[in-house]
Amino acid sequence: MTFLRSLATSKGDLSSITAPPFILSGTSLVEYSKFWAELPDLFVAPTMILDKEERALAVVRWFIATLKGQYTSRNEALGSEKKPLNPFLGELFLGKWETELEGTTILVSEQVSHHPPVTAYAIYNDAYGIELQGYNGQKASFATTMLNVRQVGHAVLYIKKFDEYYYITLPTLHIEGLFYGAPYVELEQKTVIQSSGGYRASIEYSGKGYFSGKKNTFKAKLYAPDQSSLLYTIAGQWSGKSTIINEKQKSESVFYDAMEHKVVPLVVKPIEQQAEYESQRAWEKVAAAVQVMDYDTIHVEKSKIENQQRELRKKEKEEGVEWQRRYFELVEDEGPLKEVAELAGVEPDEKVWRFNREVFEHSPDSKL
Ligand code: HCR
């Protein structure tokens, strides 16, 4: 009851929720950016497809494939959704995927704002010339026994060979099962994936009962650049199997089967080699205490980090300076990306977080 009450009074700020120890996670939210590329083969696949329509479809397939990790992996590994650690400003999570066919895919994830919390990330594979960047924050509201979470921000996929952008909006989600102490995520509303070439996918989500009586369901439609010709309809479970109908040929086939794909673990430097602002090193003691549910140590170690951060902010205020983000900068959205956002029918953010790769590559952090 105390937990439900804390949710009801959280006023949209998820970091202020006091969760019972068994719902706490020792993983910081800054780590969640990795879920975008845990299947490196699907991430780079669009770069090898010459046909524009097929390529747009490959982007949708990769996106659908990311959802299982993003939204159900805690349930699968730990039995329920957990409350992640609230990253501090400047917290960094770095890693790479090394696979035989795709080579190296790099992840840079940084907490660029603490109040409200915003994480920015960049993921790139140079061998295939593909890069994803984006940022996200969350706005929450509590309704009876459900926590509704609207995501702020977007992702942009860029394919160098075709000089093509895909603007991706983020789904809204809600958390059910709170009353029973076994929270889980369900997606709702929709995602739009708009390509600079004009192709547009609209993906609608629902839970049990709406489309098919199953959890984690979706229905996606891919439209031609003229926006009126429907090319494909895809439907099924994003955490399981989905099928695709080619609307011209009226043929049906399997689109994606999550059971047939195994995630590739991200390689992160051993903690002792990490810098003190790197996530796993910074939260090491808290994570260890979460493992054994030692609530006192969790509290003591978390408070140390929070107090240190408070001191830093105080000092910055006194000196009249602002915290310098490491590898991302807040810039006005302009050029092709603004146009794609407009095509996607979304009100583009006035300022967006973008990756400064040059700065990253000249820093010791780039030695992964
Ligand atoms: C809502 C959530 C924090 C945000 C998490 C996000 C939206 C972060 C960006 C990722 O790309 C996708 C993503 C996946 C997670 O499912 C989502 C989290 C689920 C729970 C967590 C809340 C802050 C936890 C509240 C406490 C509980 C368990 C009641």
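Each ligand, and each atom within it, is numbered from 1 in the order the structure gives.
- Using modelled atom types and a 3.5 Å distance limit, the side chains of Tyr205 and Thr191 yield a donor-acceptor pair.
- Scanning Glu186, Arg74, Gln138 for the heavy atom closest to atom 8 (C) of ligand 1 points to Gln138.
- Protein heavy atom at the shortest distance from atom 18 (C) of ligand 1 is Tyr32 CE2, 4.5 Å.
- Each of the following atoms of ligand 1 lies closer than 4.0 Å to a heavy atom of Asn136: 8 (C), 9 (C).
- Near Ile23, meaning under 4.0 Å from one of its heavy atoms, ligand 1 places the atoms 28 (C).
- His114 places a side-chain N or O within donor-acceptor distance of the main-chain N or O of Pro87, the cut-off being under 3.5 Å.
- A donor-acceptor distance shorter than 3.5 angstrom exists from the side chain of Arg55 to the backbone of Leu50, with no hydrogens or angles considered.
- Remark: among candidates Pro183, Ser80, Pro84, the nearest residue to atom 21 (C) of ligand 1 is Pro84, based on non-hydrogen atoms.
- In His261, the NE2 atom is crowded: over 12 heavy atoms of neighbouring residues, nucleotides or ligands sit closer than 6.0 Å.
- The nearest protein atom to atom 23 (C) of ligand 1, hydrogens excluded, is given as Leu14 CD1, 3.7 Å; this is a heavy-atom distance.
- Residue contacts with ligand 1: Phe35 is excluded, as none of its non-hydrogen atoms falls under 4.0 Å.
- The pair Lys315-Glu318 does not meet the salt-bridge criterion, since no charged nitrogen lies less than 4.0 angstrom from a carboxylate oxygen.
- Atom 7 (C) of ligand 1 has as its closest protein heavy atom Gln151 OE1, 3.4 Å.
- The pair Lys338-Glu332 does not meet the salt-bridge criterion, since no charged nitrogen lies less than 4.0 angstrom from a carboxylate oxygen.
- For Ser113 (side chain) and Pro116 (main-chain N/O), a donor-acceptor pair under 3.5 Å exists by modelled atom type.
- Under 4.0 Å is where a charged nitrogen must lie from a carboxylate oxygen, and between Arg313 and Glu316 at least one such pair does.
- The aromatic rings of Tyr158 and Tyr165 sit tilted relative to each other, their planes meeting at an angle between 30° and 60°.
- Taking the six-membered ring where the residue is Trp, Phe360 and Phe355 present tilted rings, their angle falling between 30° and 60°.
- Of all the heavy atoms of Thr119, none lies under 4.0 Å from any atom of ligand 1, so neither backbone nor side chain is involved.
- For atom 2 (C) of ligand 1, the protein comes within 4.0 Å by no heavy atom at all.
- Per-residue contacts place Tyr71 under 4.0 angstrom from the following atoms of ligand 1 (heavy atoms of the residue considered): 12 (C), 13 (C), 14 (C), 16 (O).
- Atoms of ligand 1 found under 4.0 Å from any heavy atom of Val185, numbered from 1 in the order shown, are 16 (O), 19 (C).
- Atom 26 (C) of ligand 1 has as its closest protein heavy atom Lys83 CB, 3.8 Å.
- Taking all heavy atoms of Ile175, Leu178, Val149, Leu173 into account, the minimum distance to atom 29 (C) of ligand 1 is reached by Leu178.
- Inclusion of Gln70 in the set of residues having an N or O under 3.5 Å from an N or O of ligand 1 is warranted.
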